[in-house]
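Please read the structure below before turning to the comments.
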Protein chains: 2
Amino acid sequence: MASKDESQNAERISEAEHAVMEVLWHESPLSAADVCDVVCKERGWSIPTVKTLLSRLVSKGALSTEPDGRRFLYSPLIERSAYVGTESKRLVERLFGGRAAPLFAHLAQTEALSADDIAEIERLLKEMKK
Amino acid sequence: MASKDESQNAERISEAEHAVMEVLWHESPLSAADVCDVVCKERGWSIPTVKTLLSRLVSKGALSTEPDGRRFLYSPLIERSAYVGTESKRLVERLFGGRAAPLFAHLAQTEALSADDIAEIERLLKEMKK
DNA sequence: TACTTTCGATTACATCTGTAATCTGAATGA
DNA sequence: TCATTCAGATTACAGATGTAATCGAAAGTA
């Protein structure tokens, strides 16, 4: 029966919603106004927009609310790493048949990898071997 | 004036559309029916659906058509590698601040990397150093 | 020639997204 | 107490997307 797991239930988070999540992953809990302070300018949004996104995220089970006087404070319910994981996986799945190496190869070929990236990856590889 | 470049104009390709593109990247030109033969079963689509997607892809400039008797044959106008590039970049941009190393680190941590992947990546790294 | 089949083109329609405006009720200040 | 203000809730609305059904013309078939 439990084909849908509430906690893990990855109700797809849209791009605009994701921008809001980033703010809250960076710092939480925050009020709608706080979130707006961080993103509204940057994305050209108005407060109502932020509120809509927050509500949608709450319905999607991605955020929790806690009352603070007459307003709400929002906090992430899903972890950033979980989100990042699903999204990365989706991409790798969709574009590279689930294999990560081709993605890497692609990034390498298109020079999307900086020297720093490469050094870092080598370090990680070494790390993994231990 | 040429703020919009026809050929490169990356009118966002949706996921369903992408499935159609994959078929045509694999083999082209193909008719709508041919495409359906490949994906309809798998995705539970009917022919009209495929035709809609093909039309949309043509309007988006992602496919070209060539008449073949009373029907059309479709071929990709944009290359798979270009598409894959943009999409990968979008993801890395959105989730990892444009840096590829964190993506790699993430994949590594979540064990999304198979032993084969790792071996392959090491090979690529060695390759790049030459 | 009339009927059927087969295409592409047009239209449909529910969701999801982006982006708000408006409504409602509580809190606040006069 | 009464108007103003500010929060969340409700409603809006266009464009993108998923998924077709239907229409109209061309082609093949009897």
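In what follows, every chain begins at residue 1, and chains take the letters A, B, ... in the order their sequences are listed. Given the structure is predicted, the values throughout are model-derived calculations rather than measurements.
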Could you give the side-chain donor-acceptor pairs of residues 31-43 of chain A under 3.5 Å, partners two or more places apart or in another chain?
residue, atom, partner, partner atom, Å
A:Ser31, OG, A:Ala33, N, 3.4
A:Ser31, OG, A:Asp34, N, 3.1
A:Ser31, OG, A:Asp34, OD1, 3.4
A:Ser31, OG, A:Asp34, OD2, 3.1
A:Asp34, OD2, A:Ser31, N, 3.0

How many whole angstroms separate atom [atom1] of [X] from atom [atom2] of [N]?
X	N	atom1	atom2	result
A:Arg70	C:dG29	CZ	P	10 Å
A:Glu66	D:dA7	CD	P	16 Å
B:Phe72	C:dT6	CZ	C1'	14 Å
A:Leu54	C:dT17	CG	P	16 Å
A:Glu17	C:dT19	CD	C1'	12 Å
A:Glu42	C:dG18	CD	C1'	16 Å
A:Lys60	C:dT15	NZ	P	15 Å
A:Ile47	C:dT22	CD1	P	16 Å

Checklist entry - Contact class for A:Gly69 vs. all strands (heavy atom < 4.0 Å): base, sugar-phosphate, or nothing? => result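 The residue A:Gly69 makes no contact with any strand.
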Item to check | Whichever of A:Arg71 and A:Arg56 has its nearest DNA chain D nucleotide further upstream toward 5' | outcome: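 Checking each residue's closest nucleotide, the 5'-ward one belongs to A:Arg71.
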Looking only at side-chain atoms of [X], point me to the closest of [options].
X	options	answer
A:Ser14	D:dA20, D:dT19, C:dG18	C:dG18
A:Thr52	C:dT19, D:dT17, C:dA21	C:dT19
A:Leu53	D:dT19, C:dA20, C:dT19	C:dT19
A:Pro48	D:dT17, D:dG8, C:dA21	C:dA21

Checklist entry - For atom CD of B:Glu66, is the number of surrounding heavy atoms from other residues, nucleotides or ligands below 6.0 Å larger than 12? => result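 Yes, because the 6.0 Å sphere around CD of B:Glu66 holds more than 12 heavy atoms from other groups.
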Next on the checklist: Less than 4.0 angstrom between a side-chain N/O of A:Lys51 and OP1 or OP2 of C:dC23, yes or no?
Outcome noted: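 The answer is no; no side-chain N or O of A:Lys51 sits under 4.0 Å from OP1 or OP2.
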Item to check | Phosphate OP1/OP2 of D:dA20 contacted by B:Thr49 side-chain N/O (<4.0 Å) | outcome: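 For B:Thr49, the contact criterion (side-chain N or O under 4.0 Å from OP1 or OP2 of D:dA20) is met.
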Next on the checklist: Could you report the tightest heavy-atom contact between A:Glu17 and A:Arg12, atom names first, then the distance?
Outcome noted: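 So the minimum-distance heavy-atom pair works out to OE1-O, 4.0 Å.
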Checklist entry - What is the minimum heavy-atom distance between B:Trp45 and B:Ala16, and which atoms define it? => result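 Minimum heavy-atom contact is CH2-O, 3.4 Å.
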Checklist entry - Under 4.0 Å between a Lys/Arg side-chain N and an Asp/Glu carboxylate O for A:Glu93 and A:Arg90? => result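 Salt bridge between A:Glu93 and A:Arg90, a charged N being under 4.0 Å from a carboxylate O: no.
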